[in-house]
Number of protein chains: 2
Amino acid sequence: MFRDRFIRGERSFHRQSRESAFQKGDLKYVILDLLKDKPRHGYEIIRELEEQSMGTYKPSPGAVYPTLQMFEDMGYTSSTERDGKKTYTITDEGLRFLAERKDSADEVRSHIKRRWSFKNVGRMAMVMKEYHALENVLGRGFRTLDAEQTKQIREILINARSEIENIIGEE
Amino acid sequence: MFRDRFIRGERSFHRQSRESAFQKGDLKYVILDLLKDKPRHGYEIIRELEEQSMGTYKPSPGAVYPTLQMFEDMGYTSSTERDGKKTYTITDEGLRFLAERKDSADEVRSHIKRRWSFKNVGRMAMVMKEYHALENVLGRGFRTLDAEQTKQIREILINARSEIENIIGEE
DNA sequence: TATAATATCTAGATATATCTTGATATATTA
DNA sequence: TAATATATCAAGATATATCTAGATATTATA
C-alpha cells in the first residue's frame, strides 16, 4: 500500500526536481498516466512500457499487478473483467490524485522521455558500455593520482566531450 | 538536541579554533548547507555526502535522521512526506540560523574542502563532475544519432579511456 | 582538576514498501 | 502440441526510515 495513504496536505510550495526520476515510488505515476490515455489491463501495461522503452525497461508483474490492485482499493480505477483480462479505467478520483501529484508525475514523465525517446538503443548501448568502462578506469585512479595527473585526465574528458558535442551538433 | 540551542552570538569568542574539520557538532551545518541548495530527504543526504567525498565519508542514519528531526522541532525546516520519503525544505528560520552561524558554517565547509582535497578527493571530484557532464551530452545524443555517429562517439570514448589508462599506468 | 552528565556520532539491527526474478496456473492461439 | 497471453504468487533485493547500543567528545559540577 502506498505508504502515504493517509497523509494530508501541509506540503511545501516548491518541490525541487530530483535528478534521477523513476525512483522507488514512481511506477504508480507511470501506470496511472498510461491509464489516463485509455483503459488497459496489466499485461498491456507491461508490454506498453517495454515497447516505449525499446526493451530497456519491462516492469515485473510483481510490481504492476499489486499496483493496479491498490488503485482499485483506493478508488483510483474501476475495472471490468472479460476473457480473463481485467481492464482498468481511471476514475475521477484517480485523475484527482494525478493532478494532486502533478509535480511528481511530470518529473517522472520527463525523465522517461529523456531516457527513452530514441530509436537506436542497441547502438547507444554499446556507447554506454564504453562510457561505463571509462568509469572503472577512473575509479582505479582515485587516491593514487597527483594534481598534474588529475588535471590531464580532466582535460582528456573535456576534449572527449567537445568532440562528441561536435558530432552531435553537426546535423 | 543541539547543546547550543539557546546560545547567541556573544558566546562566539569562547570558541576555540578547531584544527580537525568535521568535529562533533558540525554535521548539522553540513546538512543544513545541503538543504539550502534544494530540499532533500535523509537518505538522499547520506548518499550525497558519500558521493561528494568519493566514498570516504558516509554519515550514519543515527546521525542524520535525528538531526533532521531536530531541525524540524526548531523550525529550521519544514517537511513533507511522500512515497515513504520525508523531504525537508529549509525555512527562513533555518536560513537565519545558518547566517547567524556563518563563521562556523564557513569554517566547516572550508575544512571539508581542504581535508577532502588533501586526500585527492577534491580533484577527483572535479574529474567525476566532468565525467558526468559527458553523460549528459551522451543523453542528448540518444535521440538522433545514426550508426556512423555512434561509431565515432564510441571511438572517442575508447581513445579517452586508453589515454587515461596511460596516465594512470605510468607510475 | 576529576568526575559526572549530556550531546553527538558510528555501527548495525529492525521495519516496511517497493520492486525484480522467476515459478506456476490457465486460457487462447498457431 | 507448442507457444503466447494473462494473471497470481513467493522469495529476495533495495530504498528509506527508525531505533538501540556503545564510543567519544564537550560541558557542567563537585
Got a list of protein N/O to nucleotides 1-3 of chain D N/O distances below 3.5 Å?
none

Given [X], which of [options] fulfils the side chain to side chain contact (heavy atoms under 4.5 Å, CB included) condition?
X	options	value
Leu32(B)	Ile90(B), Leu68(B), Thr67(B)	Ile90(B)
Glu130(A)	Ile153(B), Ile156(B), Leu138(B), Ile158(B)	Ile158(B)
Lys86(A)	Glu72(A), Arg40(A), Gln69(A)	Gln69(A)

At how many degrees, to 10°, do the end axes of the helix from dT1(C)-dA30(D) to dA30(C)-dT1(D) meet when each uses five pairs? 10°
Phosphate oxygens OP1/OP2 of [N]: is one of them under 4.0 Å from a side-chain N or O of [X]?
X	N	answer
Tyr43(A)	dA7(D)	no
Lys86(A)	dT8(D)	yes
Arg47(B)	dA15(D)	no

Close aromatic pair by centroid cut-off 6.0 Å: Phe97(A) and Phe71(A):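 No, they do not, as the ring centres are separated by 6.0 Å or more.
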If we count only N and O atoms by modelled type, under 3.5 Å, do the side chains of Tyr29(A) and Asp83(B) hold a donor and an acceptor together?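 Checked: Tyr29(A)/Asp83(B) side chains pair up, N/O donor to acceptor below 3.5 Å.
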Closest to side chain of Lys24(B), choosing from dT14(D), dT8(D), dA23(D):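 So the nucleotide nearest the side chain must be dA23(D).
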Do any N or O atoms of the protein come closer than 3.5 Å to N or O atoms of nucleotides 20-22 of chain C, and which pairs are they?
from    : atom 1 : to       : atom 2 : distance (Å)
dT20(C) : OP2    : Ser60(A) : N      : 3.4
dT20(C) : OP2    : Ser60(A) : OG     : 3.4

